[in-house]
Undergrad: 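Got a structure here, written out as structure tokens. Questions coming.
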Amino acid sequence: MSPSHDDLVFFAKTAGLIWMMGFFVIVVVLAYRPSRRAAHERAARSILPGNAATNAARTPDDRP
């Protein structure tokens, strides 16, 4: 017996929802792990010109 269209739609919607929720949970856990804080800080500061210590000491008027 082959599955009907309604059965396939139900399976796709259910499995897709479970898969997407699982993927979301994994991404959130990896993004908010405390051990990754330093890497996220480095990435956030990598787009700033110069070194981070120099940029933190400057005022907005001194920045190029």
Undergrad: What closest approach, in Å, do A43 and S46 show between heavy atoms, and which atom pair accounts for it?
TA: O-OG, 2.8 Å
Undergrad: Other members of the hydrophobic cluster containing V9, with the 4.5 Å side-chain heavy-atom rule, please.
TA: none
Undergrad: Under the salt bridge (charged side-chain N to carboxylate O under 4.0 Å, His left out) rule, what pairs show up with a residue in residues 17-43, not counting sequence neighbours?
TA: E41-R45
Undergrad: State which residues pass side chain to side chain contact (heavy atoms under 4.5 Å, CB included) with V25; sequence neighbours excluded, sorted by chain then number.
TA: V29
Undergrad: In the hydrophobic clustering that connects Ile, Leu, Val, Met, Phe, Trp and Tyr at side-chain heavy-atom distances below 4.5 Å, which members other than L30 occupy its cluster, ordered by chain and number?
TA: I26
Undergrad: Which pairs, with at least one residue in residues 1-23 and sequence neighbours excluded, count as a side-chain hydrogen bond (donor to acceptor under 3.5 Å, both in side chains)?
TA: S4-D7
